[in-house]
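One structure below.
Remember, it's a predicted structure, so these values are computed and weren't measured experimentally. In what follows, every heavy atom counts, from backbone to side chain, and hydrogens, waters and symmetry copies are set aside.
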Amino acid sequence: EISGIASSSIKGRREIRLKIDSFIKRETQTTVIPSRIYSNILSELHQNSEDFLTVSSELTNLLEKAIADENYGRSKGHQRKSKTKTNDYSLDFEEAAAEFELTNFFNNHSITDLKSLGNYLKCVQQFCKCVFLAYSGMRSSEASSLMYNCFRTQRTLSGKSARLLGITTK
């Protein structure tokens, strides 16, 4: 009465409550991402991870050589302009790929030079992070705050247990 709105009767409150309850029972919350799509995303991420893991040691070796020699894996034009000019040319990118038997992999992933290889590796980092977030249930900010070597495994009565040691705000 003070607010200018008369309070409803007990009978009126019951009717409102019943209507609300029947509405809530009819409504079901849908998942943010439908499970079949989510499953497909995880499957695709796993496939990308597997593709990378099959050539990771060869990629590491190629990159180590490219870091040690500023001409390795670069075009002949780049090598001519290089500060460390020599009469001998290092292998260009196609030759370097062939040396480590990565030609087919690079063709399948449209990797044509060291720059596009760097872009591919950034994508690898991103889909690994997506897999990590999907299975850990963490938010991106929580995952970003994890320290190096935070993953631990432990033997339990039910088998092997995996843990991520970190700090969360909630």
One pair to check against side chain to side chain contact (heavy atoms under 4.5 Å, CB included): Ser140 and Lys129. What are the steps and the verdict? CA-CA 8 Å; Ser140 184; Lys129 184 177 180 180; 2.9 Å; yes
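- Separating the OG atom in Ser161 from the CZ atom in Arg155 is a distance of 11.0 Å, to the nearest 0.5 Å.
- Between His46 and Tyr135, a ring centre-to-centre spacing shorter than 6.0 Å is recorded.
- Residues Phe52 and Leu42 fall within the same hydrophobic cluster, defined by Ile, Leu, Val, Met, Phe, Trp and Tyr side chains chained together at heavy-atom separations under 4.5 Å.
- In terms of heavy-atom proximity, Ala96 sits nearest to Gly73 at CB-CA, 4.3 Å.
- One finds the CZ atom of Arg152 at 7.5 Å from the SG atom of Cys150 (value rounded to the nearest 0.5 Å).
- Among Leu114, Thr112, Leu102, the one residue that satisfies the side chain to side chain contact (heavy atoms under 4.5 Å, CB included) test with Phe93 is Leu114.
- What you find for Phe127 and Ser49 is that their closest heavy atoms are CE1-N, 3.7 Å.
- Note that CG of Leu133 and OG of Ser144 are 8.0 Å apart. Values are rounded to the nearest 0.5 Å.
- With sequence neighbours left out, the ring-ring contact (aromatic ring centres under 6.0 Å, His included) criterion links Tyr72 to no other residue.
- At distances below 3.5 Å, not a single donor-acceptor pair connects side-chain atoms of Asn40 with backbone N or O atoms of Arg36.
- Residues Ser90 and Glu70 fail the side-chain proximity criterion, which asks for heavy atoms closer than 4.5 Å.
- The backbone N or O of Ala66 sits less than 3.5 Å from a side-chain atom of Arg74, completing a donor-acceptor pair.
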Evaluation steps, side chain to side chain contact (heavy atoms under 4.5 Å, CB included), between Leu165 and Leu146: CA-CA 7 Å; Leu165 304 177; Leu146 290 173; over 6 Å; no
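- Both Val131 and Leu121 belong to a common hydrophobic cluster when Ile, Leu, Val, Met, Phe, Trp and Tyr are linked at side-chain heavy-atom distances under 4.5 angstrom.
- Linking ILVMFWY residues whenever their side-chain heavy atoms come closer than 4.5 Å, directly or via other members, leaves Ile67 and Leu91 in distinct clusters.
- Applying the salt bridge (Lys or Arg N to Asp or Glu O under 4.0 Å) rule to pairs touching residues 91-104 yields Lys65-Glu99, Lys76-Glu95, sequence neighbours excluded.
- Using a 4.5 Å cut-off on side-chain heavy atoms (C-beta onward), Leu164 and Ser136 make contact.
- A donor-acceptor pair under 3.5 Å is absent between the side-chain atoms of Ser39 and the main chain of Ser35, judged by distance alone.
- Ring pair Phe106/Tyr120: centre-to-centre distance not below 6.0 Å.
- Between the side chains of Ser116 and Asp113, at least one donor N or O lies within less than 3.5 Å of an accepting N or O.
- In the hydrophobic clustering of ILVMFWY residues, with side-chain heavy atoms under 4.5 Å counting as a link, Leu45 and Met138 come out apart.
- For the atom pair NZ of Lys115 and CG of Asn119, the computed distance is 7.0 Å after rounding to the nearest 0.5 Å.
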Side chain to side chain contact (heavy atoms under 4.5 Å, CB included) evaluation trace for Leu59 with Phe100: CA-CA 8 Å; Leu59 286 173; Phe100 291 102; over 6 Å; no
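- Taking SG from Cys130 and CD from Glu44, the interatomic distance works out to 12.0 Å, rounded to the nearest 0.5 Å.
- The shortest distance between side-chain heavy atoms of Gln154 and Arg163 falls below 4.5 Å.
- Side-chain contact between Leu63 and Leu117 is present, with at least one heavy-atom pair separated by less than 4.5 Å.
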